[in-house]
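A quick note: this is a predicted structure, and the numbers were derived from the prediction, not measured. Side chains included, hydrogens not; waters and symmetry mates left out as well; all remaining heavy atoms used. The chains referred to below are lettered A, B, ... by the order of the sequence lines, with proteins before strands, and numbering in each begins at 1.
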Number of protein chains: 4
Amino acid sequence: MAGVNKVILIGNLGADPEVKHLEGDKVVANISLATTESYKDKSGNRVDNTEWHDLELWDGQARIAEQYLKKGMQLYVEGKIKTDTWQDEQGNNRKKVRIRVLSFTMLGGRPEGGSTASEQQPSGNYANKPAMNSPNPPVMESASTDDDLPF
Amino acid sequence: MAGVNKVILIGNLGADPEVKHLEGDKVVANISLATTESYKDKSGNRVDNTEWHDLELWDGQARIAEQYLKKGMQLYVEGKIKTDTWQDEQGNNRKKVRIRVLSFTMLGGRPEGGSTASEQQPSGNYANKPAMNSPNPPVMESASTDDDLPF
Amino acid sequence: MAGVNKVILIGNLGADPEVKHLEGDKVVANISLATTESYKDKSGNRVDNTEWHDLELWDGQARIAEQYLKKGMQLYVEGKIKTDTWQDEQGNNRKKVRIRVLSFTMLGGRPEGGSTASEQQPSGNYANKPAMNSPNPPVMESASTDDDLPF
Amino acid sequence: MAGVNKVILIGNLGADPEVKHLEGDKVVANISLATTESYKDKSGNRVDNTEWHDLELWDGQARIAEQYLKKGMQLYVEGKIKTDTWQDEQGNNRKKVRIRVLSFTMLGGRPEGGSTASEQQPSGNYANKPAMNSPNPPVMESASTDDDLPF
DNA sequence: TTTT
DNA sequence: TTTT
């Protein structure tokens, strides 16, 4: 039966993407994304609850990720849950849940010690205006999964 | 920073919910939900791709699940991704990803092959109208997480 | 700036789709979909709140809608909000909000006044298994917008 | 029947919120939010397509909006579609579609040219760090609709 | 490991 | 009316 398997995340990259170029022009990028939920406990103290998500991007999106995404950036992600299963050395069944990214959009965010736009260092401007130096900023606001870069 | 961690699923229960009544009126229900994606491969053959999700419901929702949800039923689920981490007997770090359900709605659907229908209520037909025999059908179309049954 | 404009609905068709075949192989289907929210008011009485949505589907999806969707069926819909603007006869600016459907999936459900499966009329069983008699049930669980029928 | 009526938006405020304080402690805020979709047409030219959404927030959320949201800011919004109907002076049935906001989160973004910064706090820069001067930054990442300010 |  |  046709089902729905949809994930929507807004969070920050815990590190630069890890990109692997495979044979046959295939590219895969792995990203660790933190989503933080903030609430007040019964004593009225604010509590932060961070969840880490393993994202997987392929081909065109992996190439964009490689070029533009940096540790600390804030990302909107849409994707689906995907479980990889295998046997470990002891013969135990193991599985790992990943988010297969179908589309993403860079949001604001900034690295630690960020500054205002006018004060910004030549290097490291990525967070406030990620693709500003690029002739055409990347836009991937459609659930496109084709291999072409969108610009 | 405030983030977003949202999961939306439509799928079928692989089994009746497993419900545990804990001390202090706490109740937890675990549900295995299959979402199936169907597509045609390059040869034009239809391929089904099923992903299994471990759902976790608490208290009021767990009680509703215990009372109404049955193997084979189709469910709309909204929740968030939650990772439990622990050390196994060998001292290895292990983790398990679950969907913490925030709201759900029973849809149509039916058990596999319809063959199990006779193993349930004779005139049950729960799948087509799950809560029809109930004086007040359960409705949980708000992201309510309070402990009260909604009816 | 790249934004997000996403609508997710589960509801029932208020009528059969209205389909128009335009020049150049273009097809558009308009659907009226009711989403009902049910809650208890302060007096403890259940209240139903129904919202009607104007859906618009194009080409391949419009053709599938024309062939399979019937009044009363339950639908999962994913799309985006789209406002058409024009001037009326008095020269006033008018606008109409529609949901441009990007993907949809037929769910269980049944038409108003529906009955249990065993009581159902030979004709019109569509609601419980919409596409069952079709050699290949339609599945459109990807945000595909191409013009080809998916089966 | 229990349905789903969900809207997810990321966009920018076209103006400061319009806030009305009603009798009985009720507060309503109206916000105009632009979501922009960017794509390349057949000639390879980038095309921006902007959709304007009328948001409605009540009580606690309206108060937060009044205090923190400013023209130009980028917002993540979750809500539902709601249609108001009435008769105009000519006795014609009219309707207006609004997004009833259930939760929202401020994202990056910034006002036009940053020129408005001086009209706010001297060291305002609200867009990059909206609530920085506040002892407790507002966080509304739960679909909370209660009237209390979340901080 | 991120962010506020 | 926003934003890039």
Between CE of A:M73 and P of E:dT1 the distance, given in whole Å, is 21 Å

**Asked** When you check the gap from the basic side-chain N to the acidic O, do C:K82 and C:D84 get nearer than 4.0 Å?
**Response** yes

In whole angstroms, the gap separating P of E:dT1 from CG of A:L75 amounts to 20 Å

Quiz prompt | side chain to side chain contact (heavy atoms under 4.5 Å, CB included) assessment of A:L107 paired with D:Y76 | solution = CA-CA 10 Å; A:L107 303 172; D:Y76 169 87; over 6 Å; no

Ranking F:dT3, E:dT3, F:dT1 by distance to the side chain of D:T36, first place goes to F:dT3

From CG of D:D16 across to P of F:dT2 the rounded distance in Å is 12 Å

Between CG of D:L55 and C1' of F:dT1 the distance, given in whole Å, is 13 Å

Open item on the list: Between E:dT2 and A:T50, counting only base atoms on the nucleotide and side-chain atoms on the residue, is there a donor-acceptor pair under 3.5 Å?
Closed with: yes

Atom CG of B:N5 and atom C1' of E:dT2 are separated, to the nearest Å, by 14 Å

Contacts of C:V28 meeting side-chain contact (heavy atoms from CB on, under 4.5 Å) (sequence neighbours excluded), chain-then-number -> C:K20, C:L22, C:N30, C:E56, C:W58

side-chain contact (heavy atoms from CB on, under 4.5 Å) filter on A:N92, not counting sequence neighbours, yields A:D88, A:Q90

When rounded to whole Å, the CG to C1' distance for the pair D:L33 and F:dT3 reads 10 Å

Looking only at E:dT1, F:dT3, F:dT1, the nucleotide nearest the A:S32 side chain is E:dT1

Whole-Å distance, D:Q74 CD to F:dT2 P, equals 15 Å

Do we count A:W52 as stacking onto E:dT2 if the rule is ring centres under 5.5 Å and planes under 30°? no

Atom CG of D:N45 and atom C1' of F:dT4 are separated, to the nearest Å, by 17 Å

Side-chain atoms of D:K71 come closest, of F:dT1, E:dT2, E:dT1, to F:dT1

